[in-house]
Amino acid sequence: QVQLVESGGGSVQPGESLRLSCATSLTFFSIYPMAWYRQAPGKQRELVASIPKGDGYQTPNYVDSVKGRFTASKDNAKKTMYLQMNSLMPADTAVYYCYTEINGQTYWGQGTQVTVSS
């Protein structure tokens with residue numbers, strides 16, 4: 001059974017930082033693509049960052065609104081993906097989800113709330 005567990009969300013003020021983690025139960029973590037999505041109230045879920053499958057460093061892709069502020073990474077030995085979020089803005093307020101796809105089947109974590117407000 002595939003499990004994705006997010007953590008690290010919270011409430012912060014504009015300009016502050018948070019680091020999200022996604023711990024997985026994947027036996028062969030490095031061979032699967034991973035991604036972070038978010039869903040703000042009343043809006044559709046959107047892709048924030050994706051990391052291609054593969055050993056070693058893989059160049060992440062980002063939605064334009066977070067480029068230069070967010071950094072996605074993963075630790076294959078720990079089977080964990082991260083999202084470092086800097087210079088947070090109120091527009092980043094959302095539930096953030098971890099995602100992977102295995103043989104055409106999609107898997108999601110339960111989500112972690114990020115609230116940015118002054």
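The first residue in the sequence is number 1, and the count goes up from there. All values derive from a computational prediction rather than experimental measurement.
- Rounding to the nearest 0.5 angstrom, the gap separating the NZ atom in Lys79 from the OG atom in Ser25 is 8.0 Å.
- Between Thr24 and Gln3, every side-chain heavy-atom pair lies at or beyond the 4.5 Å cut-off.
- Note that SG of Cys98 and CE of Met81 are 3.5 Å apart. Values are rounded to the nearest 0.5 Å.
- The line from OG of Ser87 to CD of Glu16 is 11.0 Å long, rounded to the nearest 0.5 Å.
- Side-chain atoms of Asp55 and Ser30 form a donor-acceptor pair, as typed in the model, at a separation below 3.5 Å.
- With hydrogens and angles ignored, the 3.5 Å screen pairs a side-chain donor or acceptor of Tyr62 with a backbone N or O of Ala72.
- Here the side chains of Leu18 and Val114 are in contact, with some heavy-atom distance below 4.5 Å.
- Under the 3.5 Å distance criterion, the side-chain polar atoms of Ser65 are left unmatched by any main-chain donor or acceptor of Val63.
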Requested in this report: Take Tyr96 and Leu83 through the test side chain to side chain contact (heavy atoms under 4.5 Å, CB included) and record every step on the way to the result.
Outcome: CA-CA 10 Å; Tyr96 284 72; Leu83 186 66; 4.1 Å; yes
Requested in this report: Any chance you could lay out the side chain to side chain contact (heavy atoms under 4.5 Å, CB included) test for Glu6 and Gln110, step after step, and finish with the verdict?
Outcome: CA-CA 7 Å; Glu6 303 96 336; Gln110 83 287 353; 2.8 Å; yes
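- Separating the CZ atom in Arg38 from the CD atom in Gln44 is a distance of 14.0 Å, to the nearest 0.5 Å.
- Cation-pi check for Arg45 over Tyr97 is met; the charged atom lies under 6.0 angstrom from the ring centroid and within 45 degrees of its normal.
- Side-chain contact between Leu20 and Met85: present, with at least one pair of heavy atoms (C-beta onward) separated by less than 4.5 Å.
- Looking at heavy atoms from C-beta onward, Pro14 lies in side-chain contact with Pro90 at the 4.5 angstrom threshold.
- Nearest heavy-atom pair across Ala94 and Ala40 is CB-N, 3.8 Å.
- Looking only at side-chain heavy atoms (C-beta outward), Pro33 and Lys53 come within less than 4.5 Å of each other.
- In this structure, Lys74 fails the cation-pi test against Tyr82, since its NZ or CZ atom is not both closer than 6.0 Å to the six-membered ring centre and inside 45 degrees of the ring normal.
- Contacts of Val2 classified as side chain to side chain contact (heavy atoms under 4.5 Å, CB included), with partners at least two apart in sequence or in another chain: Leu4, Leu26, Ile102, Tyr107.
- Shown here for Arg69 and Leu88, the closest heavy-atom pair between the two residues is NH1-CA, 3.9 Å.
- Not counting sequence neighbours, the partners of Tyr99 by the side-chain hydrogen bond (donor to acceptor under 3.5 Å, both in side chains) test are Glu101.
- Side-chain contact between Met34 and Phe29 is present, with heavy atoms from C-beta onward closer than 4.5 Å.
- Of all the heavy atoms in Leu47 and Ala35, the pair that sits closest is CD1-CB, 3.7 Å.
- For Gln58, the side chain to side chain contact (heavy atoms under 4.5 Å, CB included) test picks out Ile51, Pro52, with sequence neighbours left out.
- Side chains of Gln84 and Ser17 form a contact here, defined as non-hydrogen atoms less than 4.5 Å apart.
- Ring-centre distance between Phe70 and Trp36: not below the 6.0 Å cut-off.
- A donor-acceptor pair is defined here as one N or O able to donate and one able to accept, closer than 3.5 Å; no such pair exists between the side chain of Thr115 and the backbone of Ser11.
- For Tyr57, the OH atom is densely surrounded, since the number of other residues' heavy atoms within 6.0 Å is greater than 12.
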